[in-house]
Amino acid sequence: MEEAKKKSMPVLPWMRSPVDVSLFEDCPLDHLPCLDPRLKVALQNMGISSLFPVQVAVWQETIGPGLFERDLCINSPTGSGKTLSYALPIVQTLSNRAVRCLRALVVLPTRDLALQVKDVFAAIAPAVGLSVGLAVGQSSIADEISELIKRPKLEAGICYDPEDLLQELQSAVDILVATPGRLMDHINATRGFTLEHLCYLVVDETDRLLREAYQAWLPTVLQLTRSDNENRFSDASTFLPSAFGSLKTIRRCGVERGFKDKPNPRLVKMVLSATLTQDPNKLAQLDLHHPLFLTTGETRYKLPERLESYKLICESKLKPLYLVALLQSLGEEKCIVFTSSVESTHRLCTLLNHFGELRIKIKEYSGLQRQSVRSKTLKAFREGKIQVLVSSDAMTRGMDVEGVNNVVNYDKPAYIKTYIHRAGRTARAGQLGRCFTLLHKDEVCFHLDSF
Ligand SMILES: Nc1ncnc2c1ncn2[C@@H]1O[C@H](COP(=O)(O)OP(=O)(O)OP(=O)(O)O)[C@@H](O)[C@H]1O
């Protein structure tokens, strides 16, 4: 037991004395210190009357006594409300900005997740006069640029000297939610796109984003947001883009834009996941400043409180029949069935749709499909027009669909982390949920509770 505990002990010293989020309780909005009344109304309009524990803990480290002095590493279960935990303090802090420029950047691994997070910001930011943009490649790059960059003189019908153009371009957004690919497109080629004034960088689903280098987006962003005295430009030339549309984005020391006499603040980083890596090499890429680790309880990963996990043991060849019987018993409840590959997703979905007894709508959702098809399916699932989604792991991370009561692992997840993210599509926000895993008797040693 002691051995096991030692083994799971993080290597990094600052990870060994975390803030335990499980010691926090829900906090009614009326009792939340310093909450801007306009944001309180916006939250109430979203149906939120109190903050969840992770949101209260992060509030303390940002708006509360912590005052954003440390970078935050947040490891909190799926569905525990991590999105609002960073969105709310960022919006509240930026609410007193005097001049619009890009001050917060949130990076997510997929377009659907970015859209979801943008919706959360969009529900609160306008209440305090802030504007939120999206850079995910959903529309053409030209359309995206016109959403993100403003040309004041042109708008006012005034002719301008092309030489002055760069000076005149301004950000049309205060907060940008982006996927790494499109972010790099703007960094490389969009005139007037600058990270010069960035104050907050959020890396959501950190462990997934750190696995993928995506044109060196992270070192590029870190380099572009370093202040002059830290900036060794020659070192950067190894990865900085050649076209380099954002040469001007190198952060300057000096006065913060719109705040007279206030020095440019340090870039604050917030990194989050339900399965946050503890690997020092991976975390080193984030170049964290005096980081504070927030986690829930003593175990490394935690499942949602109200998740019920079941193992269904059957012979491999009978799996489809077991699944049909299970789906029949679940009636019209929303359910996501996970398979191990895009090919088996397609096969299983086709098969299920041939079972006449299943009087529910079943659709496939996988990485093999075009984004537009996936988005349409997801919308129909959200609206309850589809009851069952058969999905590959494209769906496992972060997706938040209301009313998903059941998750089925048709194929056993290869890793505990995969189990956590799949199961976490249900039992969100304190709701009840069930996760069924179909196993062959030789696979029963797969311990769902071994973490
Ligand atoms: N304070 C709150 N009160 C009620 N509902 C909330 C609150 N905060 C968040 N929610 C809801 O909880 C759900 C889960 O939130 P969110 O998607 O941020 O979870 P998460 O921790 O990021 O999960 P994952 O790790 O799966 O990405 C969302 O539907 C959100 O609207």
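Counting starts at 1 for both ligands and their atoms, following the listed order.
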Between Gln116 and Asp400, a side-chain donor and acceptor under 3.5 Å: no
Distance-only side-chain donor-acceptor flag, Ser309 / Tyr419, under 3.5 Å: yes
Ligand 1 atoms in contact with Leu51 (distance to a heavy atom under 4.0 Å): 1 (N)
Within reach of ligand 1, part of Gln55 (heavy-atom separation under 4.0 Å): side chain
Under-4.0 Å salt bridge between Arg397 and Glu205: yes
Numbering as shown, the atoms of ligand 1 that approach Ser50 to under 4.0 Å (heavy-atom distance): 1 (N), 2 (C), 3 (N)
Per-atom contacts of ligand 1 with Thr83, taking only distances under 4.0 Å to non-hydrogen atoms: 16 (P), 17 (O), 18 (O), 22 (O)
Min side-chain heavy-atom separation Tyr310-Thr437 under 4.5 Å: no
Donor-acceptor pair between Tyr365 and Asp112 side chains, under 3.5 angstrom: yes
Atom 15 (O) of ligand 1 [closest protein heavy-atom partner, distance rounded to 0.1 Å]: Gly81 CA, 3.6 Å
Per-atom contacts, ligand 1 versus Ile48 - under 4.0 Å to a heavy atom: 1 (N), 2 (C), 3 (N), 4 (C), 7 (C)
Atoms of ligand 1, numbered as shown, that sit under 4.0 Å from any heavy atom of Arg425: 26 (O)
Under 4.0 Å to a heavy atom of Arg428 - the qualifying atoms of ligand 1, by number: 14 (C), 16 (P), 17 (O), 19 (O), 20 (P), 23 (O), 24 (P), 26 (O)
Among Glu402, Lys82, Glu205, closest by any non-hydrogen atom to atom 21 (O) of ligand 1: Lys82
